[in-house]
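Just so you know, ligand 1 is whichever comes first in the structure, and atom 1 is the first atom listed for that ligand.
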Amino acid sequence: MSATGEFGRLLGPQGPLARVIAGFESRREQQHMADWVGEALATRSMLAIEAGTGTGKTFAYLVPALLSGRQVIISTGTRTLQDQLYHRDLPTVGAALGRPARVALLKGRANYLCLHRLELAESMPQLPGMPAPNARMLARIRRWSRGTSTGDLAEVRSLRDTDPVRAAVTSTRENCLGSSCPAYARCHVVAARREAQASDIVVVNHHLLLADLAMKDEGFGELLPGAEAVILDEAHQVPEIAAQFFGLEFSARQCALLARDALAELTRLGLAGTPARERIAGLESAIAEATVALGGGRDRTDWLELPDRFVAALERIREALAAAAPELAAADPEDPGLKQAMRRAAKLAGSLEAIMDAGADDGIRYAEAGRGGFSLAFTPFEVASRLGELMRAQGGAWIFTSATLAVGEDFSHFLGRIGAPAARAVRIESPFDFESQARIFLPEGLADPASRDYTACVVEAALPLVEAAGGRGFLLFTSHRALAEAARLLEARPGFRDRYPLLVQGEAPRESLLARFRELGNAVLLGTASFWEGVDVRGHALALVVIDRLPFAAPEDPLLKARLEGIRRRGGNPFHEFQLPQAVLALKQGFGRLIRDREDFGVVMLADPRLRTRGYGRTFLAALPPATVVTDVQEAASFLRRRLALAGVTVPEAASA
Ligand code: SF4
């Protein structure tokens, strides 16, 4: 498709965006992408569009979305992008086009104050094992609630994400009383949803979108029906998030919250002495018994390895829930709060039963011990077809975009995972000149990644490049163990810390580490998966990215096991169909940290010798941007020195030696 149409003009050098937006750079790639998005919106079709770094994909979908006249949902993977779209990009592009739109930023239920539950929380008795809501914080929320117009708890600055008060003063779809709620007319959740429904563009995150699609807890259930198009940015995250919404979950915490809410409702109605109270007590003791029987400490336990005592306690929880439901209804058949508690008890009993009875051929079941007791999960082997069905049933345009969707030219992995194998897929090349901006360095003679001294070898091999770059490096690891070892080795290295500030993941929150890294300009940052994506360091603070291993997912993860088993059962090849493409996409993400701008340059060192010794190494290399591959460390180091000198960056003599 050629960018000769309306979008080419609007996004071109003489267009309104160039006239109005300071620093706007006209890019053919961006215009091409806008054409594709415009066509998918007009024809209400499904499109996956991989846009290389620097395409300017946000404007490339906002322009056609704003001009489409349709109600569009834009879903993102991260809070940062959501805020950027809502506060900056949408108003800017709307003003430049002369098409200001009604825009809403909609968050999940858990972000809005529930007025009914605030009242319950204030009269709630303390339960064993449940942290009591902090009375002072409750009072603060009450004071704030009198003045807020949005009910968005982010306005309560001192309320931390992990504060137990949050769960007490917010609703889930399960416990929301809906139109029978006494606070319905003033409800913030209802108001936020209404505002979204009346808007042209609604910005949400993938969790909320998928919850809505799958009609799960945190969703609103009425968000999608009005929408004529959905644009999913950072769409590479979608399959993983979707998997969470198509399984079954059950947790001790859900039961404890139900017990607490039911007890609060009974107390409010003066019914704390009824048989319903006894049933609730029975439920609490069965939960405590199961928690003890599972024991703490282990991550995830496969269903077949669970202690018999734990499974027997689960059966008692199921019985207690089933018995509590009618007693709650009988305590006061007219009260909406008790009716809702009854429905929750019945629903929880149903979920637990479904997990306990799930067939081994359908999916994987496991239990996990945690702070709030335990949780159970059932993940079906196959979720893609369900996701695809729901999207088709919703209709309209579905546009998925990210810098990493394809393995080379091949989108089949991504399209298969979203259940849309026949959707149209397009790649837009990055406008950056990787040939001159970057080198891929593959060190020779490194130890086997399984050997004990592998991390030490990676660090040794990276040091000449760290010196040549004068710090300015991200050293990214696929495991926390390797990260810790590398940190120890570098700290023990005489003089290293004097020359380069060393920033290690875990020493401070991610955002403050990144801010320090940008500010210092010559730091070395050690990180794991959380630094592989969504990190944007432009300019000369970053000139080197070292990746220790090919990012194959941990094979012991039950979710991964479930997926691989699902592929095996239908006669597929799990490595080629899942593990390899997943790892290729992850490596592309990691590589993408280096070049964020036309002025950026640097070296990506891919230490894993399997890139050269295994046949699949070619698949990885072919999927990366077209930078020249070098195997001589001197060549990589002199590239760095030359580019830094050209950019006027001085690397201290002692460091470059
Ligand atoms: S309608 Fe639901 S969310 Fe709104 S106040 Fe009532 S219970 Fe809370």
Provide, to 0.1 Å, the distance between atom 6 (Fe) of ligand 1 and the closest protein heavy atom, together with that atom's residue and name. Cys181 SG, 2.3 Å
Distance from atom 8 (Fe) of ligand 1 to nearest protein heavy atom, with residue and atom: Cys114 SG, 2.3 Å
Atom indices of ligand 1, in the order listed, that fall short of 4.0 Å to a heavy atom of Leu115: 5 (S)
Flag side-chain contact, heavy atom, 4.5 Å: Leu90 against Val203: yes
Specify whether an N/O/S atom of Cys187 falls short of 2.8 Å from atom 6 (Fe) of ligand 1. no
Please check this pair: side chain of His206 against backbone of Ala242, looking for a donor-acceptor N/O pair closer than 3.5 Å. no
Check whether any heavy atom of Leu177 sits under 4.0 Å from an atom of ligand 1. yes
Ser171 and Arg109 have their tightest heavy-atom pair at OG-NH1, 2.9 Å
Got more than 12 heavy atoms from elsewhere within 6.0 Å of CZ, Arg392? yes
Counting from 1, what ligand 1 atoms have a heavy atom of Ser171 closer than 4.0 Å? 3 (S)
Which residue and heavy atom of the protein sit nearest atom 2 (Fe) of ligand 1, plus the separation: Cys176 SG, 2.4 Å
Looking only at heavy atoms, what is the nearest atom pair of Trp303 and Leu376, with distance? CZ3-CD2, 4.0 Å
Residue pair Arg117, Asp261: steps toward the salt bridge (Lys or Arg N to Asp or Glu O under 4.0 Å) verdict: CA-CA 9 Å; Arg117 291 178 56 75; Asp261 292 346; 2.7 Å; yes
